[in-house]
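Since the structure comes first, as structure tokens, the remarks are kept for the end.
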Amino acid sequence: CSSNWRRRRRSTIFRPTSSLRGSSARRRWPSSTRRATARADTDPPDWAALARSWRDGRIKLAWTRHLLQLRAAHPAVFTFGDYRPIAVHGADADHVVAFARSHGRDAVIVAVGRWFAGLTREGRAWPDAAFDATLATDGYTVDGHPAGAIAMRDLFKNFPAAALRATVAAAPKRSRK
């Protein structure tokens with residue numbers, strides 16, 4: 001009796017079955033979801049709408065797609081780029097980690113929130129406009145943002161991370177005397 005059980009168990013242990021795969025791998029997505037996902041490939045993401053419906057996972061898909069598009073647009077930055085920490089100022093500066101990857105004049109600035117539990121009432125509310133931190137972008141020109149500094153409350157309005165295209169500011173030329 002026990003040898004029969006062992007033989008059956010041994011024969012099925014390493015054989016993958018459909019029950020081992022997730023249920024989403026076995027069922028077809030509704031056509032409305034497929035159309036929305038295909039449309040998301042070309043449209044810029046609506047981060048506010050994605051943040052409101054974060055439970056469906058589309059915000060993770062949009063964030064991953066954004067990062068992959070940045071990587072495709074700047075392969076040298078991600079492959080050969082230098083790492084440079086970026087200063088964050090303000091009362092809530094400890095809640096942000098920021099750095100830049102740059103290669104030549106191309107750069108990508110990344111800012112990520114950390115230790116948000118105290119600012120979000122243990123995850124029950126998003127940090128409000130009182131979030132006091134500023135990203136110092138001296139030496140960089142950031143697409144779509146003013147020179148010098150960027151308020152973190154604007155970057156983290158809907159999502160606690162940002163990856164921004166930037167250009168390294170040209171070093172001033174020294175005059176010969």
Side-chain angles (χ1 to χ4, degrees), residues 16 21-22 24-25 28-90 92-116 119-120 126-127 131 133-174:
R21 293 183 300 228
S24 61
R28 190 171 167 90
W29 282 16
S31 60
S32 61
T33 304
R34 287 195 314 270
R35 278 193 301 274
T37 303
R39 195 170 44 250
D41 284 340
T42 57
D43 296 342
D46 179 3
W47 293 107
L50 291 169
R52 283 191 301 274
S53 62
W54 64 270
R55 283 184 169 86
D56 67 9
R58 289 182 301 136
I59 195 164
K60 289 189 232 175
L61 177 65
W63 177 245
T64 302
R65 183 174 290 127
H66 173 68
L67 293 175
L68 289 173
Q69 287 170 346
L70 271 176
R71 185 176 179 182
H74 302 289
V77 170
F78 286 88
T79 305
F80 306 110
D82 297 329
Y83 167 87
R84 295 181 185 153
I86 302 279
V88 180
H89 304 287
D92 296 320
D94 289 344
H95 297 281
V96 180
V97 175
F99 64 91
R101 297 282 307 222
S102 62
H103 183 72
R105 297 279 318 271
D106 293 330
V108 173
I109 294 177
V110 176
V112 180
R114 66 179 185 165
W115 300 331
F116 265 32
L119 298 172
T120 61
W126 196 248
F131 185 67
T134 304
L135 184 70
T137 57
D138 302 329
Y140 298 95
T141 303
V142 182
D143 296 353
H145 294 280
I150 301 171
M152 295 308 301
R153 68 177 164 267
D154 296 336
L155 284 183
F156 290 174
K157 184 169 39 177
N158 298 306
F159 193 67
L164 310 167
R165 293 176 195 229
T167 305
V168 176
K173 293 185 179 184
R174 293 193 276 181

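The basis for the numbers below is simple: all heavy atoms, side chains too, and nothing from hydrogens, waters or symmetry mates. If you're wondering where the values come from, they're calculated on a predicted model, not measured in any experiment.
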Side chains of [X] and [Y], heavy atoms from C-beta outward: is any pair under 4.5 Å?
X: N158; Y: L50; value: no
X: Y140; Y: T167; value: no
X: W54; Y: F159; value: no
X: L155; Y: H145; value: yes

Point to revise | Exam field: side chain H103 to backbone H74, donor-acceptor pair closer than 3.5 Å | key: no
Straight-line distance of [X] [atom1] to [Y] [atom2], nearest 0.5 Å:
X: K60; Y: T64; atom1: NZ; atom2: OG1; result: 9.0 Å
X: R52; Y: D46; atom1: CZ; atom2: CG; result: 6.5 Å
X: L164; Y: L135; atom1: CG; atom2: CG; result: 7.5 Å

List the atom of [X], the atom of [Y], and the distance in Å for their closest heavy-atom pair.
X: P146; Y: T137; value: O-OG1, 4.4 Å
X: L70; Y: A163; value: CD1-CB, 3.5 Å
X: I86; Y: A136; value: CG2-O, 3.1 Å
X: W63; Y: A161; value: CZ2-CB, 3.8 Å
X: A133; Y: V88; value: CB-CG1, 4.0 Å
X: A107; Y: V77; value: N-CG2, 4.2 Å

Check your understanding: Does R71 have any side-chain contact (heavy atoms from CB on, under 4.5 Å) partners at least two apart in sequence or in another chain, and if so, which?
Key -> F78
Using distance only, find each side-chain donor-acceptor pair of residues 93-101 under 3.5 Å and give its atom names and separation, not counting sequence neighbours.
| unit_1 | atom_1 | unit_2 | atom_2 | d |
| --- | --- | --- | --- | --- |
| H95 | ND1 | R114 | O | 3.3 |
| H95 | ND1 | W115 | O | 2.8 |
| R101 | NH2 | G81 | O | 2.9 |

Review point. According to the side chain to side chain donor-acceptor pair (under 3.5 Å) rule, which pairs have a member within residues 79-90, sequence neighbours left out?
Key: R84-S102
